Number of protein chains: 2
Amino acid sequence: MTTMTDPEITPQDEAARAGWLYYVGGLTQDQVAAELGVSRQRAQRLVAKAMADGLVHVRLEHKISACLDLEVDLTRRFGLKLARVVPALPAGLETSHATAPAAAQVLERYLAQPEPLIIAFGTGRSLSAMASEVIRTPHAPHRIVSLISNIAPDGSASFYDVIMRMADKLQLPHYPMLVPVITDTIAERALFNALRPVQAVMELAANADVTFVGIGQMNGEAPLYKDGFITRSQLEDLQRAGAVGEIVGGIFDAEGRYIDTETTRLIGSFRIPAGREKPVIAIAAGLSKIGAMRAALKGQLVNGLVTDESTARALLA
Amino acid sequence: MTTMTDPEITPQDEAARAGWLYYVGGLTQDQVAAELGVSRQRAQRLVAKAMADGLVHVRLEHKISACLDLEVDLTRRFGLKLARVVPALPAGLETSHATAPAAAQVLERYLAQPEPLIIAFGTGRSLSAMASEVIRTPHAPHRIVSLISNIAPDGSASFYDVIMRMADKLQLPHYPMLVPVITDTIAERALFNALRPVQAVMELAANADVTFVGIGQMNGEAPLYKDGFITRSQLEDLQRAGAVGEIVGGIFDAEGRYIDTETTRLIGSFRIPAGREKPVIAIAAGLSKIGAMRAALKGQLVNGLVTDESTARALLA
DNA sequence: TCATTGGTTGGGCATTTGCTCACACTCTGG
DNA sequence: CCAGAGTGTGAGCAAATGCCCAACCAATGA
């Protein structure tokens, strides 16, 4: 109807409006087009853009009883404070896609709290997907801190810049980890650790009220290796030392005990202590991660878990 | 794949799973059908059921700048603590449908708070729609209290049993208002008011940390009249006394001052005091309500508003 | 036992939607 | 001023979806 060419309307505005009419209003794309005074194709493109830009968030209210049962079982078996199990998507699909909305919901519960919290994040696909799903919360009083940087030894940044996207979305003060994931020498690492801002970040991380991390496997698919943070020989060195998994660069064996090798001493992230009192929530799913996840749970490196149905079953088997 | 006839799976479970695969997983209905081992038609029915049962919740992240501007304007003009404006749906559609998701989001922010709150609710279409949209929050420590009952003089209950649905959904202790909306005589009303449980509910209502209400107009479309709570002659009596609107049965004039007539003295609800410090959030939209809404804002009967774009514009005009 | 009824299932069809392709328009550099 | 690259637009079509209808099944009552 109103087809005045306001100077203020951004493309996102249009997309959001189209998405609103379509998803919330339940109009057909023809009707949306008529309402906005554009062609049907354009309406369809706007709706698609709204979805692609992550403006549209879909959540399910109902907990499927099978998943609920698994949550209870996981909580008991591993002494967790929190377990969320989502239905599995058919094999082949990106698993992080499935856990992300549930993880976002967990995070939002913390974000909604009125007292200021320190919220710590790792990196990785799962966390990145969670960041996309979080709905923006206005003026929350929290601070967010990164437990690991995303800078590879060659200086390039991996895609999963969780903390920046989170900070951008939530408008919160944020403290990135300045130490590179891995340095060349122990001396260099020590140099970084001596920096004031680094110490401040470590201090914040140690006092985080809640921590969200992914869990990385240490087989050939290891994210640390795949994303170019460690070399193949370093990976093999770690595997020989019994590494089965990794949480923000802290590498542990099948019992969930951190291991210590030449390579681990070069890794510059905050090491989450085992058996923490404050919530440490892992977001992880996928059969290839089972070993790493079971070890992390056994070693009490995490006390909360967001995963999917098939992974939960495998963990309990 | 797994077509075992588990005894535990309810129809809702199936619907939820289908909805999950479809909406979150982004599968086509054919794929959902294959995954669940049912026919495509059944899959389509399950997905539709998931939607119809309100299992699927869609929210938009982006605030359309036009709406944001209106929020700011409303806040300034009427001294509000909170204003939320959603894009308008084309004329003719149920307006409460549009405001509901936004209102639910506001409510969820309170529900997520860890300290126990007293949350008070009115009734009506808008609140009822909000209740449908709220996503279940596990073991929150709050109590919810009703400000007005939904029992008509003939003993029948109106559909909008907000507090019961809310309590059911959120598993919270709830305190329904026992006094009928309107009694036959002042003596009868006094009798009700003397009851211990009624006094307890009034006490809770007075101490509510946050209050959600609808706003009713007092023209021929008045909800109080339409839903059979007051007779035509009572409506006319009120109109003669200058009534333009109503909040949980508290009837006010164009300046937002509560009015006092034979009829109002029979109404048995909690009267929200003007200029309350704690948030009192109205959820209302629609051109027919403009007069009532403007009056309520003028009289500071509410200090928060969730409405839609066209209503907001009309209010500011 | 059998007919009736209420509800569920799958087939078929009209509508809606996603996508590709060719074209137009604009912006930039020669 | 023109050529070329890149972005955006509308037409058309195949796939996906929603919906109606006839058939089927289970339960009830005569």
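So that the names make sense, note that chain A is the first sequence line, chain B the second, and so on, each numbered from 1. Here the structure is a predicted model, which means the values were calculated and not measured.
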Rounded to whole Å, please give me the gap between [atom1] in [X] and [atom2] in [N].
X       : N      : atom1 : atom2 : value
A:Gln29 : D:dT9  : CD    : C1'   : 16 Å
A:Lys49 : D:dT7  : NZ    : C1'   : 13 Å
B:Tyr23 : D:dT17 : OH    : C1'   : 11 Å
B:Asp30 : D:dA15 : CG    : P     : 11 Å
B:Leu27 : C:dT17 : CG    : C1'   : 17 Å

Please list, chain by chain and in numerical order, all residues satisfying side-chain contact (heavy atoms from CB on, under 4.5 Å) with [X], sequence neighbours excluded.
X        : value
A:Ser126 : A:Ser96, A:Ile283
A:Gln171 : A:Arg136
A:Glu309 : A:Ala66, A:Cys67, A:Leu70, A:Val85, A:Pro87, A:Ala88, A:Arg313, B:Arg17
A:Asp73  : A:Leu316

Short N/O separations, protein against nucleotides 5-8 of chain C, under 3.5 angstrom:
none

(message) We want to know whether B:Arg165 and B:Ser132 form a side-chain donor-acceptor pair, criterion being a heavy-atom distance below 3.5 angstrom.
(response)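 Yes - a donor-acceptor pair under 3.5 Å links their side chains.
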Between the protein and nucleotides 19-26 of chain D, are there any N/O to N/O pairs under 3.5 Å, and if so, what are the atom names and distances?
none

(request) Output all residues satisfying side chain to side chain donor-acceptor pair (under 3.5 Å) with B:Ser288, sequence neighbours left out; order by chain, then residue number. (result)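 Partners of B:Ser288 by the side chain to side chain donor-acceptor pair (under 3.5 Å) criterion, ordered by chain and then number, come out as B:Gln217.
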(request) For B:Tyr110, check side chain to side chain donor-acceptor pair (under 3.5 Å) against everything at least two apart and list the hits. (result)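 None.
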Ignoring backbone atoms, test whether [X] places a side-chain nitrogen or oxygen under 4.0 Å from the OP1 or OP2 oxygen of [N].
X       : N      : answer
A:Tyr22 : C:dT17 : yes
B:Thr28 : D:dA15 : no
A:Ser39 : D:dT9  : no

(message) Between A:Glu133 and A:Lys169, does any side-chain N to carboxylate O distance fall below 4.0 Å?
(response)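 The answer is no: the pair does not qualify as a salt bridge.
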What pairs of donor and acceptor atoms, side-chain ones from residues 26-33 of chain B against any protein atom, are under 3.5 angstrom apart with sequence neighbours left out?
unit_1  : atom_1 : unit_2  : atom_2 : d
B:Thr28 : OG1    : B:Asp30 : N      : 3.0
B:Gln31 : OE1    : B:Thr28 : N      : 2.8

